[in-house]
Amino acid sequence: MIRSLKALFEVPPAETAQERKHRLNLAAAALLIETARSDFSEDQVEQLALEKLLTQSLKLDQQEVHVLVEQASAQVDESTSLYEFTRVINDHYTPQQKLQLISGMWTVAYADGDLDKYEEALIRQVADLTYVAHEDYIRSKLKAKPDSSISHSRVRTSNP
């Protein structure tokens with residue numbers, strides 16, 4: 001019991017810049033993975049969009065992205081809520097970085113040509129939890145939406 005009480009007052013070891021960067025990358029990757037999974041279908045197109053986003057935005061090579069996606073997938077499998085990911089984002093991301101993350105989530109959601117209601121709900125929830133203004137949420141959604149004259153995307157209101 002005394003050990004438990006002491007643990008409450010112990011200062012955790014300092015996190016290195018490299019460890020913090022990895023934790024941030026894991027949180028962002030986890031939220032993108034949650035977006036890809038939220039429509040209850042594993043879609044290769046969404047997976048490729050997710051990996052491309054991580055490669056470009058985090059400046060990682062493909063091998064590093066694969067390792068990151070594996071680790072983030074394992075964390076998503078173990079998580080019980082979005083809080084553990086959004087807390088990290090809130091603690092370290094600027095408002096602009098948060099908006100970029102929401103935009104990335106829209107990109108993954110639209111990658112397969114279909115926007116599922118569960119994908120939209122998840123992105124809305126993450127936007128709320130990370131304090132992204134509603135008008136920025138809408139603006140990023142419209143910006144990510146494929147051009148309807150080129151793509152035949154539609155909003156699905158239920159899962160098949």
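Since we're looking at a predicted model, the values are computed, not measured.
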Q: Begin with the C-alpha distance, continue with both residues' side-chain angles, and end with the deciding distance and a verdict on side chain to side chain contact (heavy atoms under 4.5 Å, CB included) for Phe40 and Asp116.
A: CA-CA 10 Å; Phe40 303 103; Asp116 187 86; 5.7 Å; no
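- Remark: Ser81 OG to Gln125 CD distance equals 9.0 Å, nearest 0.5 Å.
- Within the 4.5 Å cutoff, side-chain heavy atoms of Arg124 are placed close to those of Asp128.
- Between Glu34 and Ser79, the closest heavy-atom pair is OE2-OG, 4.1 Å.
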Q: Show your reasoning for whether side-chain hydrogen bond (donor to acceptor under 3.5 Å, both in side chains) applies to Asp39 and Ser41.
A: CA-CA 6 Å; Asp39 62 0; Ser41 68; 3.2 Å; yes
Q: Step by step, work out the side chain to side chain contact (heavy atoms under 4.5 Å, CB included) result for Leu58 and Leu68.
A: CA-CA 11 Å; Leu58 302 179; Leu68 179 64; 3.8 Å; yes
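- Minimum heavy-atom separation, Glu84 to Val88: O-CG2, 3.4 Å.
- Scanning all heavy atoms of the two residues, the minimum distance from Ala127 to Tyr137 falls at CB-CD1, 3.9 Å.
- Here Leu53 contributes atom CG and Leu48 contributes atom CG; the two are 11.5 Å apart, rounded to the nearest 0.5 Å.
- Minimum interatomic distance between Ala36 and Leu50 (heavy atoms only, all atoms of both residues): CB-CD1, 4.3 Å.
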Can you give me every donor-acceptor pair (side chain of residues 98-108, partner residue at least two apart or in another chain, under 3.5 Å) with its distance?
residue	atom	partner	partner atom	Å
Lys98	NZ	Asn90	OD1	3.0
Lys98	NZ	Thr130	O	3.3
Ser103	OG	Leu99	O	3.1
Trp106	NE1	Ser140	OG	3.3
Thr107	OG1	Ser103	O	3.1

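- Put simply, the side chain of Val126 reaches to within 4.5 Å of the side chain of Leu82, judged on heavy atoms.
- With sequence neighbours left out, Gln63 forms a side chain to side chain contact (heavy atoms under 4.5 Å, CB included) with Asp61, Val67.
- Ile123 and Ile138 fall within a single hydrophobic cluster, where Ile, Leu, Val, Met, Phe, Trp and Tyr are joined by side-chain heavy atoms under 4.5 Å apart, directly or via other members.
- Legend: side chain to side chain donor-acceptor pair (under 3.5 Å) pairs involving residues 49-60, not counting sequence neighbours, sorted by first then second residue: Gln47-Glu51.
- Note on Ile33: it does not cluster hydrophobically with Val45, by side-chain heavy-atom contacts below 4.5 Å among ILVMFWY residues.
- For Gln71, the side chain to side chain donor-acceptor pair (under 3.5 Å) partners at least two apart in sequence or on another chain are His22.
- The 12-atom threshold is exceeded at CD of Glu19, counting heavy atoms of other residues, nucleotides or ligands nearer than 6.0 Å.
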Q) side chain to side chain contact (heavy atoms under 4.5 Å, CB included) between Leu115 and Lys141: does it pass, once the steps are laid out? A) CA-CA 10 Å; Leu115 176 61; Lys141 176 183 179 182; 3.9 Å; yes
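- Residue pairs meeting the salt bridge (charged side-chain N to carboxylate O under 4.0 Å, His left out) criterion with at least one partner in residues 66-78, sequence neighbours excluded, are Arg37-Asp77.
- Under the side chain to side chain contact (heavy atoms under 4.5 Å, CB included) criterion, Thr94 pairs with Gln96, Gln97, sequence neighbours left out.
- Distance check, rounded to the nearest 0.5 Å: CG of Leu129 to OH of Tyr131 gives 7.5 Å.
- Shortest non-hydrogen contact noted between Ala27 and Ile89 is CB-CD1, 4.0 Å.
- Looking at every heavy atom in both residues, Thr35 comes nearest to Glu119 through O-CG, 3.7 Å.
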